[in-house]
Protein chains: 2
Amino acid sequence: MPRAGLSRKALTETALAIIDEGGPRAFDNLTLAAVAAKHGVSTPSLYKHVGSLADLRRDVALESVRAFTRALSRATVGRAGADAVVSLAEGMRAFAEGTPARYLAAQHAGDPDEPADAAIIEASAETFEVTTSALRGYDFTPDRAIDAIRVFRSAIHGFVLLELEGGFGLPRDLDISFDALVIMLVRGLEELARD
Amino acid sequence: MPRAGLSRKALTETALAIIDEGGPRAFDNLTLAAVAAKHGVSTPSLYKHVGSLADLRRDVALESVRAFTRALSRATVGRAGADAVVSLAEGMRAFAEGTPARYLAAQHAGDPDEPADAAIIEASAETFEVTTSALRGYDFTPDRAIDAIRVFRSAIHGFVLLELEGGFGLPRDLDISFDALVIMLVRGLEELARD
DNA sequence: GCATCTCGGCTAATGCCATTAGCTTTACGG
DNA sequence: CCGTAAAGCTAATGGCATTAGCCGAGATGC
């Protein structure tokens, strides 16, 4: 019986591959059995490399957060003002459509009381930072900047989620609706910066 | 061995009680075993009244959609314009905070290809109608009305979701941020009606 | 009042999953 | 070479959903 060459990293990557093949709910439905099968290995073998399913999920979530941050960073680099806002919005949506399960995995922020989630929380802080940077041109007061980011995230997150889960029934083109949302955000942020 | 007096309806109500006691994820985590235990009955007994866990979940989702619609209807009756928009937004948020699991259950729209989901889809259409009515004052073209509802739902849904799942880390007061979001929506919808 | 038939509950059994325990073999360091 | 730690394995436990088949309760028909 030759060794399979497992490792925490390899397992995480397999798990990512699995959720990338599945639909939006694939992260929630991730199972150790599936990861083991993909390696041609028995399920208990995985415990030599990860502590539990929850543990593996944390790794997957962490990778997802990082990928998300990279995507947003790439989308907004060298842009400012309304331009940056539009790119950020489109970058978020594109990421969610490209790898829906990772998008959802990246949103489960992690419990601040859970030490094991520390890395995720740290990585999420970077996402936050990229978003903040994209909005730098607006001259918000510190408190208003928080409102602005919340408003922005909420709007895009809600749209993307409803889109992913098929919440939009009507046949109207989604791109047009998304544009309307983004335009509203651009104006709304300007307005928010004014007070 | 006296009868337990189970029924589809009774089981659905028990399930609702269970998810109301749990957190936001309680709908996803609903189990037949828990419902059976709450009735002091063995799990297989439930199959005399529901076809499966998925079946029971559908009932729960249906009830949740209806409760949501009632809440929105109550919030907006006799209001119009910006007043209606604000009430609708606050009604949605209040419902989500009061019964988070029901809120989430009500959002899983149901598969249009799945005949068993027909009732849910029908009930969701009523929710949609209440929302549409609340926006009646705005004079949208039919297509723009769809955009408007999508934008509105997205924004509120996103905010509520992030709030429920603890996605907002910073200590800034959530009510203030929510107000900012609603104000932006009110202005944005007016703008949207203009073209 | 009694025979009957249906239906609502039960137990037993299967299968899938996570997880733990303990065995065995591999591969590497000495 | 040899010892040992780590990497896989099988076996076992416990939770869950689901199916099959039993059995008594209670309504129904005479």
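All chains are named by letter (A, B, ...) in the order of the sequence lines, taking the proteins before the strands, and each is independently numbered beginning at 1.
Note: CG (B:Asp55) to P (D:dT19) measures 12 Å, nearest angstrom. Taking atom CZ of A:Arg3 as the reference point, atom P of D:dC9 lies 11 Å away to the nearest angstrom. Here the P atom of nucleotide C:dT20 and the CG atom of A:Leu32 are 11 Å apart, to the nearest Å. Between B:Arg8 atom CZ and C:dG8 atom C1' the separation is 16 Å, expressed in whole Å. Following rounding to the nearest Å, A:Leu30 (CG) and C:dC17 (P) show an atom-to-atom distance of 12 Å. One interatomic measurement links the two molecules: CG of B:Asp28 to P of D:dA17, which rounds to 14 Å at whole-angstrom precision.
In this structure, the side chain to side chain contact (heavy atoms under 4.5 Å, CB included) partners of B:Ala82, at least two apart in sequence or on a different chain, are B:Tyr138, B:Val186. In this structure, the salt bridge (charged side-chain N to carboxylate O under 4.0 Å, His left out) partners of A:Asp83, at least two apart in sequence or on a different chain, are A:Arg79. For the side-chain hydrogen bond (donor to acceptor under 3.5 Å, both in side chains) test, no residue two or more places apart in sequence or in another chain qualifies with B:Ser52.
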Which side-chain N or O atoms in residues 30-37 of chain A pair as donor and acceptor under 3.5 Å with protein atoms at least two apart or in another chain?
residue: A:Thr31; atom: OG1; partner: A:Ala33; partner atom: N; Å: 2.9
residue: A:Thr31; atom: OG1; partner: A:Ala34; partner atom: N; Å: 3.1

Please report, to 0.1 Å, the donor-acceptor pairs under 3.5 Å made by any side chain of residues 143-150 of chain B, with sequence neighbours excluded.
residue: B:Asp143; atom: OD2; partner: A:Arg172; partner atom: NH1; Å: 3.1
residue: B:Arg144; atom: NE; partner: B:Asp195; partner atom: OD1; Å: 3.2
residue: B:Arg144; atom: NH1; partner: B:Asp147; partner atom: OD2; Å: 2.7
residue: B:Asp147; atom: OD1; partner: A:Arg172; partner atom: NE; Å: 3.0
residue: B:Asp147; atom: OD1; partner: A:Ser177; partner atom: OG; Å: 2.5
residue: B:Asp147; atom: OD2; partner: A:Arg172; partner atom: NE; Å: 3.4
residue: B:Asp147; atom: OD2; partner: A:Arg172; partner atom: NH2; Å: 2.5
residue: B:Arg150; atom: NH1; partner: A:Arg172; partner atom: O; Å: 2.9
residue: B:Arg150; atom: NH1; partner: A:Ser177; partner atom: OG; Å: 3.0
residue: B:Arg150; atom: NH2; partner: A:Leu170; partner atom: O; Å: 3.0
residue: B:Arg150; atom: NH2; partner: A:Arg172; partner atom: O; Å: 3.2

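Looking at A:Ser124 and A:Thr127, their side chains never bring a donor and an acceptor atom within 3.5 Å of each other.
In the region residues 38-51 of chain A, proximity to DNA chain C at under 4.0 angstrom, judged on heavy atoms, holds for A:Thr43, A:Pro44, A:Tyr47. A heavy atom closer than 4.0 Å to some atom of DNA chain D occurs in no member of residues 11-21 of chain B.
Taking a 4.5 Å side-chain heavy-atom cut-off between Ile, Leu, Val, Met, Phe, Trp and Tyr, the cluster of A:Val77 contains only that residue. As a member of the Ile/Leu/Val/Met/Phe/Trp/Tyr network built from side-chain separations under 4.5 Å, B:Ile183 groups with nothing else and remains a singleton.
Considering only side-chain atoms of B:Thr31, the nucleotide from C:dA18, D:dC16, D:dA7 that sits closest is D:dC16.
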